[in-house]
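Worksheet: one structure, shown below.
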Amino acid sequence: MKFEPAQIAAQGKQAFENKQFDQAAGLFRQAAEGFKADHSDLMTAEMMNNLSVALLQAGKAQEALDAALGTDQTFAGLGDIKRQGMAVGNQAAALDSLNRHDEAIAAYERSAELFAQVGEGDLLSMVMKSAAAIKLKKGSLTDSAFKMMGSLDVKDNPTFFERILKFFLRLIK
């Protein structure tokens, strides 16, 4: 029996939710191939990004990066800025896992710019925090504090903890 790419993608999402990352990756790869055969660039790129996330969770950072590369351009060509930002963010996460920190920071900052364009404050906050975490690992405390403050400033509904963190970060400013 032949499964449609959408059915395979749904199975991949279920495997991912069950933390079966290698299985999810295989299913997302298969779904991407099916969508590519159907000439659906949008869904092919979406499945490649899902594949990237599953591979990263499975500890396969280089494969995750390879899967996500180029998908941002597909989304850009389709005018889907939010997904473009997510694709760049996926690339950044893989670069960070590969200890390619400067490239990861640049990618997170690009992702943040894209999320800012479409008003995605929570996603913008998330990628800014990730960039700040890398800066902190590299020893750039002041720069990290500014990036973290920026990420908290754009968040739509900061938690109590985030409001406290914002207060303390202002003290070291």
Side-chain angles (χ1 to χ4, degrees), residues 1-101 103-134 137 151 154-157 159:
M1 170 161 78
K2 182 180 185 284
F3 287 97
E4 293 297 317
Q7 292 171 308
I8 297 167
Q11 292 172 352
K13 288 178 184 178
Q14 186 62 52
F16 187 88
E17 288 172 11
N18 293 333
K19 300 188 185 325
Q20 298 168 325
F21 302 120
D22 284 320
Q23 180 183 358
L27 289 164
F28 289 138
R29 187 181 314 275
Q30 189 179 350
E33 291 167 3
F35 283 120
K36 186 174 183 175
D38 289 347
H39 306 288
S40 176
D41 293 342
L42 175 69
M43 289 308 298
T44 300
E46 180 74 18
M47 289 303 106
M48 292 304 289
N49 271 284
N50 289 350
L51 171 61
S52 176
V53 173
L55 288 167
L56 193 57
Q57 289 295 314
K60 300 175 181 176
Q62 184 60 56
E63 289 180 55
L65 178 60
D66 294 342
L69 286 175
T71 60
D72 56 313
Q73 295 305 313
T74 300
F75 292 128
L78 296 169
D80 193 332
I81 296 171
K82 179 180 176 180
R83 285 186 181 162
Q84 181 185 4
M86 293 173 83
V88 174
N90 289 342
Q91 293 167 22
L95 288 164
D96 184 21
S97 289
L98 291 167
N99 294 316
R100 293 167 56 182
H101 298 301
E103 293 171 85
I105 291 167
Y108 277 131
E109 289 173 350
R110 176 69 182 127
S111 179
E113 291 169 10
L114 293 165
F115 289 140
Q117 285 180 33
V118 292
E120 287 289 339
D122 287 344
L123 292 171
L124 170 61
S125 175
M126 185 176 69
V127 297
M128 296 275 296
K129 284 179 190 175
S130 296
I134 296 170
K137 282 190 274 189
S151 76
V154 298
K155 186 147 186 198
D156 294 332
N157 297 307
T159 65

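Taking CD of Glu4 as the start and CG of Asp38 as the end, the distance is 7.0 Å to the nearest 0.5 Å. For the atom pair Ser111 OG and Leu124 CG, the distance stands at 8.5 Å (nearest 0.5 Å). Rounded to the nearest 0.5 angstrom, Thr71 OG1 and Met86 CE are separated by 11.0 Å. Gln20 contributes atom CD, which lies 11.5 Å from atom CD of Gln11 (distance to the nearest 0.5 angstrom).
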Show me, pair by pair, the donor-acceptor contacts under 3.5 angstrom made by side chains of residues 52-64, not counting sequence neighbours?
{"from": "Ser52", "atom 1": "OG", "to": "Ala64", "atom 2": "O", "distance (Å)": "2.8"}
{"from": "Lys60", "atom 1": "NZ", "to": "Asp22", "atom 2": "OD1", "distance (Å)": "2.9"}
{"from": "Gln62", "atom 1": "NE2", "to": "Asp66", "atom 2": "OD1", "distance (Å)": "2.9"}

Please list every donor-acceptor pair under 3.5 Å in which a side-chain atom of residues 87-96 meets a protein atom from a residue at least two apart or in another chain.
{"from": "Asn90", "atom 1": "ND2", "to": "Asn49", "atom 2": "OD1", "distance (Å)": "2.8"}
{"from": "Gln91", "atom 1": "NE2", "to": "Ala68", "atom 2": "O", "distance (Å)": "3.0"}
{"from": "Gln91", "atom 1": "NE2", "to": "Asp72", "atom 2": "OD1", "distance (Å)": "3.0"}
{"from": "Asp96", "atom 1": "OD1", "to": "His101", "atom 2": "ND1", "distance (Å)": "3.2"}
{"from": "Asp96", "atom 1": "OD1", "to": "Lys137", "atom 2": "NZ", "distance (Å)": "3.3"}

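A donor-acceptor pair under 3.5 Å links the side-chain atoms of Thr44 to the main chain of Ser40, judged by distance alone.
With sequence neighbours left out, the salt bridge (Lys or Arg N to Asp or Glu O under 4.0 Å) criterion links Arg110 to Glu113. With sequence neighbours excluded, the residues forming a side chain to side chain donor-acceptor pair (under 3.5 Å) with Glu103 are Arg100, listed by chain and number. A search for side chain to side chain donor-acceptor pair (under 3.5 Å) contacts involving Arg29 returns nothing, not counting sequence neighbours. Legend: residues meeting salt bridge (Lys or Arg N to Asp or Glu O under 4.0 Å) with Asp41, ordered by chain and number and at least two apart, are absent.
Nearest heavy-atom pair across Leu27 and Ala15 is CD1-CB, 4.3 Å. Considering every non-hydrogen atom in both Met48 and Ala32, the closest pair reads SD-CB, 3.7 Å. Here the shortest heavy-atom pairing between Ala9 and Met47 reads CB-SD, 3.5 Å.
Taking the side chain as every heavy atom from C-beta outward, Ile81 and Phe75 never approach each other to under 4.5 Å. Using a 4.5 Å heavy-atom threshold, the side chains of Thr74 and Leu42 count as separate.
Applying the ring-ring contact (aromatic ring centres under 6.0 Å, His included) test to pairs two or more places apart or on separate chains, those with a residue in residues 17-40 are Phe16-Phe21. Residue pairs that meet the salt bridge (charged side-chain N to carboxylate O under 4.0 Å, His left out) test with at least one member in residues 7-20, sequence neighbours left out, do not exist here.
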